[in-house]
There are 2 protein chains.
Amino acid sequence: MGRPARVQMREVANRAGVSISSVSRVLNDHPDVSPLMRERVLSAKELMGYEPDLLARSLRQGITGTVGFLVRDITNPVFAEIVKGAAEGLRPAGYSILLADSEGRDEVEAAHLQLFLRRRVDGLIVSLQSEVDPDTVAALHSADCPLVLVDREVAGLETSAVLCDHAPAVAAATRDIIECGHRRVAFIAGPTTIRVTRERLRGFRQAHEETGAVLDPELVRLGSYTAEFGRRETGRLLQLPDPPTAIVAAGTQVALGLLRQLAAMGRRVGSDVSVVSYDELDLMPMMDPPINVVECDYRGLGRLAASLLVEAVVHGQPPRTVVIPTHYRPRGSVLPLPR
Amino acid sequence: MGRPARVQMREVANRAGVSISSVSRVLNDHPDVSPLMRERVLSAKELMGYEPDLLARSLRQGITGTVGFLVRDITNPVFAEIVKGAAEGLRPAGYSILLADSEGRDEVEAAHLQLFLRRRVDGLIVSLQSEVDPDTVAALHSADCPLVLVDREVAGLETSAVLCDHAPAVAAATRDIIECGHRRVAFIAGPTTIRVTRERLRGFRQAHEETGAVLDPELVRLGSYTAEFGRRETGRLLQLPDPPTAIVAAGTQVALGLLRQLAAMGRRVGSDVSVVSYDELDLMPMMDPPINVVECDYRGLGRLAASLLVEAVVHGQPPRTVVIPTHYRPRGSVLPLPR
DNA sequence: CTGTTAGCGCGTTCAG
DNA sequence: CTGAACGCGCTAACAG
C-alpha cells in the first residue's frame, strides 16, 4: 500500500471551494463561521482524511503543546510512577510529554534541558540528579517557560516545586528503631547535592537529637542512589569493628542493594540486622519479614506537578510550592534488640 | 531576572555583519564557507548565546528528530526497561522521545498514535495493548514513517518488529513443573489480542502435548495483565473443587496479584502451591523461596528497537524482524509433588 | 461572515 | 564563496 500522501489544508480548501483561512477558522472553532461553511469544510476534511500539521501550527502560534520531562532514571519505579501521574494530568490538557533520562551523567542532563528549550516546550517538569551542575543550572535559568521541580530545589531559581515531606517520616522511622533499643543506627543515601538527601538526613539527625541517641558519623554513608552503592556500603558497615544493628536505606535502589548484600552475607533481616527501606517496592510487604518503608504517593506527586504546570502555562499563575505528606510504615523488619 | 529574550538567527547575522543564510550555512557545516566567515559567525553566536529554533528547522526540513514511543503502562518495570534501552539508543542518534501511556484504554492508545503523526514524528516505537482495535490499526496504517513494534504483531502491517521468544521459555517452565509431578497446572495471562499472550499460551500447551499431560481448559485464565486480574483468578483457581497444584503467572502485574492473593490466603509458595512468575522483578530472587521466572533482556530489546528504527529512518533500510531469546530461570518455587 | 495578505524562524534554491 | 528571495503549513490581522 502506498504512503497515504499527507493531505494539506489548501487541498481541503480547494476541494470545498473555499479559502484556506476559512478552513482554518472552522477547524479552530472560530465564532464567525456560517453553518454552511462549517458543513462544507468538515465534510471535505473527513472525505480527504485531513489532519492539521501541528508543527506548522506551533511555529505560527508560538506554543507547541509539549512538556519536557526529565528524570534521573526511568527504570526507578518512583520516577515511573511520577511520570505516569504527570501523563494522566497532562493528556486531558492536550500536552504531549517529551521524556529524557539523565543516564547518571550531568552533561547528559544539561544537554537534554537545552534540547527541550530548543524544541520550544511549553513547560518543564524536572527531577534533577544534580542541583548544582553549572550547565544544568544555567539551562534552567535560561528557560523561558514555566518550570516545576520534583522533590528538588535549585538555589536562586524562582519556580514551582512539588516536594515530599521526608524529614518527619525518616525521623519517625529512626525513632522507632532507637526506641527498639538500637544504639548504632546506620544511614545510607545518595549525594547531598539533591534535596531529598538533605531532608532525609535532617530527619535522621533530628531523631537522634530528640531521643538523645549518639550519632556516629562513621555510620552515615552518602554517595549515590544506586544498588551498587547500597550493596557496597552495607557490606562495609557490617564489617565494622562495632557494626550497626540497624540500617536505614534511603532510596529504592539503595535498599535493593542492601537486601542483596544481606542475602549474599547470609544475614537475615530483623533477626541479624533491622532495616528500614525507602519507597514502596511492590514486593516489600510480601518479604519475610515484610520490610518497613518510608514512602509517599508518587503518582499523586506527578499529577500535582502536572496541574501546577498547567495552571502556570495556561492561566499564567505564579510559581507555587506544594509539599505532600510522607509516611513511615512499620511492618516487622525492625525488631527489639535483646537487652 | 528578566526572561532572556530568545535570540534569533537574523540578530546573529546583523551582529556579525553577514547575511542570514551565511549564518545558516556555518551552523549546518555547509562545505562552502570561508574560515573567516565561520569565525565571525561562531563568535557572534557564542556572544549572543544563540541556539537554533528546532521547530522552524523541522518545518523547513520536514524532519523533527523525534520518535513517538507508546507503551501500555510506564509503571510496569518491563516497559520502563524497554524505554530506557530505547532512550540509550536514540539519544546518540539525536532523537528525542515523545512518550505516551495508553492508560489501559484503546481510545487513548489510538488518540496518542494520531497525535504522534500530527506532530510529524520521524518514527514510532510501539507496544500496543490491543493489536486489533480498529482506530489503532488505522492509525498505524496511515503512518508515513518507519514503525517498530515491540513484542507485538499487527495483521497486514509490513513493519519492523522486535520480539521475545516466549514459547520455548514458557514450555521449559511448564515442563519443569510437570516433571516435578504436577498434573493440574494453571495458567494466568492477559488477552489473546496481543502476541505475547498467544505465544506464552502456545508454549504452555506445547509442554502439555510433549509430556502427554492433560490440560484442563478450566485452568487457563485469560483476561488482562493487571494485578487485580492475577489476584482474582488465583483466588478462584485455588477454590476450585480440584484446584491446581502449580500456577504459571504470565506478566509482572499478574504475578504480583498472584503473590498478594497467596499471602492473603495464607498459602506459601512452593509448599502449598508451586509458582512460576513472568519477568524478573528485582526482589523475586530474594523472596523465600526465590520465585522461578521467565524473562529476557528488556533493556536490550529497547536498544534493538531503537537501532532498527534509526537504520530505517536514517539509512532507509527496509522493515526487519528480530527475535531475542527468552529464558526460564528455576530458583526454587517449584517443588516436587508428594507422591 | 469570507477572502487576501503577511509572517512564525529557519534552510535552500538561485544569481552574483 | 556570499546574499537575496522564496517557501515549509499554518494562523492572525486586515479588508471587503
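We use all heavy atoms of the structure for the numbers below, so side chains are in, but hydrogens, waters and symmetry mates are not. Proteins come first, then strands; the chains are lettered A, B, ... in the order of their sequence lines, and each starts at number 1.
Rounded to an integer number of Å, the gap from CZ of Arg120(A) to C1' of dG9(C) is 8 Å. When rounded to the nearest whole Å, the span between CG of Asp53(A) and P of dC10(D) equals 6 Å. Rounded to whole angstrom, the span from the CE atom of Met9(A) across to the C1' atom of dA12(D) amounts to 12 Å. In this structure, Leu59(A) places its CG atom 9 Å from C1' of dC8(D), rounding to the nearest Å.
Neither OP1 nor OP2 of dC8(D) sits under 4.0 Å from any side-chain N or O of Gln61(B).
The main-chain N or O of Val18(A) is never found under 3.5 Å from a side-chain atom of Ser22(A) such that the two would form a donor-acceptor pair. Within the 3.5 Å criterion, the main-chain N or O of Arg120(A) finds a donor-acceptor partner in the side chain of Thr64(A).
Here Asp32(B) lies in heavy-atom contact (under 4.0 Å) with a base. Within 4.0 Å of Ser34(B), counting heavy atoms only, lie sugar-phosphate atoms of the nucleic acid but no base atom. When heavy atoms are screened at a 4.0 angstrom cut-off, Ile20(A) is found touching base atoms of the nucleic acid. Residue contacts shown for Arg10(B) are absent, as no nucleic acid heavy atom lies under 4.0 Å away.
At a cut-off of 3.5 angstrom, the base of dG3(D) holds at least one donor-acceptor pair with the side chain of Arg25(B). Side-chain to base pairing of Ser21(A) with dT4(C): one donor and one acceptor N or O lie within less than 3.5 Å of each other.
Looking at Glu51(B) and Leu117(A), their side chains never come closer than 4.5 Å, going by heavy atoms from C-beta outward.
Shown are Ile194(A), Ile82(A), Val196(A); of these, the side-chain contact (heavy atoms from CB on, under 4.5 Å) with Asp151(A) is made only by Val196(A).
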